[in-house]
Structures are given as structure tokens and as C-alpha cells.
**Student:** 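Encoded as C-alpha cells, here's the structure I'll be asking about.
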Amino acid sequence: QVQLVESGGGLVQAGGSLRLSCAASGRTFSSIAMGWFRQAPGKEREFVAAISWGGGATYYADFVKGRFTISGDNAKNTVYLQMNSLKPEDTAVYYCAADDSTRRVPTTLYFGASSNYDYWGRGTQVTVSN
């Protein structure tokens, strides 16, 4: 079992920045991939970014490229999502997820599918005001 706890959400003005954290516990993480998803009111959950823990490869949704950066700290078993140049449309609950599969396909299409993730955090609210 893997437990995921997100933190770092809050209220920020458009153009501002936030850094989300996802602390993972419960087992070793060398083979796990971690992802961030978000869900706005009335909308489906959508992929934001992912990182392959062992190799460090990163994957992003097109709408966050150049603004968001995903990174990981193996020693702390923590994944971060640095969000810059925030827009009101970035307002959502942000979820951290872990993929524990041994059949992972290293593509954005794979990491963008929420069904490929085995564990989920409870989410942290991000609100961007005009």
C-alpha cells in the first residue's frame, strides 16, 4: 500500500505561483511513477504532469508546458509541482497519484490516463483569482 498526502494549495492571484507537495509513504519508491491531476467544478479530472521516479523522466499536459514543473526528492519520498504564471482557469482540486505497475509505458499518453494509477491522495484546492 502507498499513502499519498498533498499540501501547498491555496488562494493566489493570477500571475502568481504555488508549489504543491505530495508526500508518499508505505513502501519503497524506486519503481513508482507519480502524477498530478486536477479537477475543476463540473469538469472531468485531467492530467497535469508525471514523473518516473527511477529515471526522472517527466511528462506534461500541453496546457501547462512552460508554466508548471514536476520534480521529485527521493530522499524525502516527495514529489513537487511548481506552478508559475497561474491563470484563473488553473483553479481546481489537484490530486497526486502513484503508478505501481511493472508494465509502464513511458509516454505522455500512458501517464495521462488516470486508470493507470493505483493510489490517489485526497487532493488540495488551488484557487486563482483575477
Side-chain angles (χ1 to χ4, degrees):
Q1 281 286 355
V2 174
Q3 293 79 44
L4 305 174
V5 179
E6 304 96 334
S7 61
L11 174 64
V12 64
Q13 288 188 333
S17 299
L18 282 175
R19 189 177 79 156
L20 305 183
S21 300
C22 174
S25 62
R27 52 157 289 177
T28 57
F29 299 96
S30 60
S31 62
I32 279 185
M34 303 289 291
W36 285 97
F37 286 74
R38 69 185 188 184
Q39 187 166 19
K43 295 187 177 181
E44 294 186 353
R45 190 170 298 189
E46 63 180 354
F47 170 71
V48 176
I51 184 168
S52 178
W53 204 290
T58 57
Y59 308 84
Y60 294 95
D62 287 342
F63 59 81
V64 301
K65 285 182 179 177
R67 298 192 300 128
F68 293 6
T69 302
I70 189 171
S71 62
D73 185 330
N74 289 350
K76 296 182 178 179
N77 288 337
T78 300
V79 172
Y80 304 99
L81 184 68
Q82 178 66 44
M83 305 187 295
N84 299 328
S85 302
L86 283 162
K87 306 174 182 180
E89 51 263 43
D90 293 319
T91 295
V93 177
Y94 284 70
Y95 297 91
C96 176
D99 167 20
D100 200 15
S101 172
T102 58
R103 300 179 180 179
R104 190 176 306 126
V105 179
T107 64
T108 303
L109 184 63
Y110 173 90
F111 286 112
S114 59
S115 58
N116 288 326
Y117 292 82
D118 305 289
Y119 305 99
W120 291 83
R122 294 187 175 183
T124 184
Q125 176 70 47
V126 171
T127 303
V128 184
S129 64
N130 287 312

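Predicted model, so just to flag it, every value in this text is computed and none were measured.
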**Student:** How many angstroms lie between atom NZ of K76 and atom OG of S25, to the nearest 0.5 angstrom?
**Tutor:** 15.5 Å

**Student:** What I want to check is whether the side chains of S17 and N84 have a donor and an acceptor closer together than 3.5 Å.
**Tutor:** yes

**Student:** Members other than L11 in its cluster, when Ile, Leu, Val, Met, Phe, Trp, Tyr link by side-chain heavy atoms under 4.5 Å?
**Tutor:**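 None; L11 is a cluster of one.
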
**Student:** Between R104 and S101 (side chain of the first, backbone of the second, donor and acceptor by atom type, cut-off under 3.5 Å), is there such a pair?
**Tutor:** yes

**Student:** For the atom pair OG (S129) and CD (Q13), what is the distance rounded to the nearest 0.5 Å?
**Tutor:** 5.0 Å

**Student:** Let me check something: do F63 and I51 share a hydrophobic cluster, defined by ILVMFWY side-chain heavy atoms less than 4.5 Å apart, either directly or through other members?
**Tutor:**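 Result: yes, single cluster for both.
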
**Student:** Does the side chain of D99 come under 3.5 Å of the side chain of Y110 through a donor N or O and an acceptor N or O?
**Tutor:**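 Indeed, the side chains of D99 and Y110 share at least one donor-acceptor pair under 3.5 Å.
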
**Student:** What residues form a side-chain hydrogen bond (donor to acceptor under 3.5 Å, both in side chains) with T58, not counting sequence neighbours?
**Tutor:** none

**Student:** What pair of heavy atoms forms the shortest contact from P88 to N130, and how long is it?
**Tutor:**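 Where P88 meets N130 most closely, the heavy atoms are CG-OD1, 2.9 Å.
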
**Student:** Kindly write out the residues that satisfy side-chain hydrogen bond (donor to acceptor under 3.5 Å, both in side chains) with S85, not counting sequence neighbours, or none if the list is empty.
**Tutor:** none

**Student:** Does a side-chain heavy-atom distance below 4.5 Å link V105 with R103?
**Tutor:**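 Answer no - side chains too far apart.
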
**Student:** Using 0.5 Å steps for rounding, measure from the CD atom of Q3 to the CG atom of N77.
**Tutor:**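 Rounded to the nearest 0.5 Å, the CD-CG separation comes to 11.5 Å.
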
**Student:** Closest heavy-atom contact between Y59 and P106?
**Tutor:** OH-CB, 3.4 Å

**Student:** Specify the closest pair of heavy atoms between Y119 and L4, including all atoms of both residues, with the distance to one decimal.
**Tutor:** O-CD1, 3.5 Å

**Student:** Would you check if V2 and D118 make a side-chain contact, meaning some heavy-atom pair closer than 4.5 Å?
**Tutor:** no

**Student:** Is V79 reachable from F47 through a run of hydrophobic residues whose side-chain heavy atoms are each under 4.5 Å from the next?
**Tutor:**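 F47 and V79: separate clusters.
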
**Student:** Check the hydrophobic clustering (I, L, V, M, F, W, Y; side-chain heavy atoms under 4.5 Å; chains of links allowed) and say if M83 and I70 are grouped together.
**Tutor:**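 Cluster IDs for M83 and I70 match.
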
**Student:** Answer yes or no: is there a side-chain heavy-atom contact under 4.5 Å between T127 and V12?
**Tutor:**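 The answer is no; the side chains never approach within 4.5 Å.
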
**Student:** Looking at side-chain heavy atoms only, is the closest gap between V126 and T91 below 4.5 Å?
**Tutor:** no

**Student:** Using side-chain heavy atoms (C-beta onward) and a distance below 4.5 Å, is M34 in contact with C22?
**Tutor:** yes

**Student:** Among all residues two or more places apart in sequence or in another chain, which pass the side-chain hydrogen bond (donor to acceptor under 3.5 Å, both in side chains) test with D62?
**Tutor:** K65

**Student:** Could you pull out all donor-acceptor pairs under 3.5 Å where a side-chain atom in residues 36-43 meets a protein atom, sequence neighbours excluded?
**Tutor:**
from: R38; atom 1: NE; to: E46; atom 2: OE2; distance (Å): 2.7
from: R38; atom 1: NH1; to: D90; atom 2: OD1; distance (Å): 2.8
from: R38; atom 1: NH1; to: Y94; atom 2: OH; distance (Å): 3.0
from: R38; atom 1: NH2; to: E46; atom 2: OE2; distance (Å): 3.1
from: Q39; atom 1: NE2; to: K43; atom 2: O; distance (Å): 3.1

**Student:** With a 4.5 Å limit on heavy-atom distance, are the side chains of R122 and Y95 in contact?
**Tutor:**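 They are not in contact (no side-chain heavy atoms under 4.5 Å apart), so the answer is no.
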
**Student:** For A50 and Y117, work out which heavy atoms get closest and say how close.
**Tutor:** CB-OH, 3.6 Å

**Student:** Hey, what else clusters with Y80 if you join Ile, Leu, Val, Met, Phe, Trp, Tyr whenever side-chain heavy atoms sit under 4.5 Å?
**Tutor:** none

**Student:** Check whether any side-chain heavy atom of L20 sits under 4.5 Å from a side-chain heavy atom of T124, and report yes or no.
**Tutor:** yes

**Student:** Write down the atom of A49, the atom of Y60, and the distance for their closest heavy-atom approach.
**Tutor:**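 Answer, listing the atom of A49 first, then Y60: CB-CD2, 3.6 Å.
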
**Student:** Considering non-hydrogen atoms only, spot the tightest contact between S21 and T78 and give its length.
**Tutor:**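 Scanning both residues completely, I find the closest heavy atoms to be CB-CG2, 4.2 Å.
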
**Student:** Between T69 and L81, does a side chain to side chain contact (heavy atoms under 4.5 Å, CB included) hold up when you go through it step by step?
**Tutor:** CA-CA 6 Å; T69 302; L81 184 68; over 6 Å; no

**Student:** Compare all side-chain heavy atoms of W120 with those of R45 and state whether any distance is below 4.5 angstrom.
**Tutor:**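 Yes - at least one pair of side-chain heavy atoms lies under 4.5 Å apart.
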
**Student:** Checking side chain to side chain contact (heavy atoms under 4.5 Å, CB included) for the pair F68/L86: CA distance, chi angles, key distance, verdict?
**Tutor:** CA-CA 9 Å; F68 293 6; L86 283 162; 3.8 Å; yes

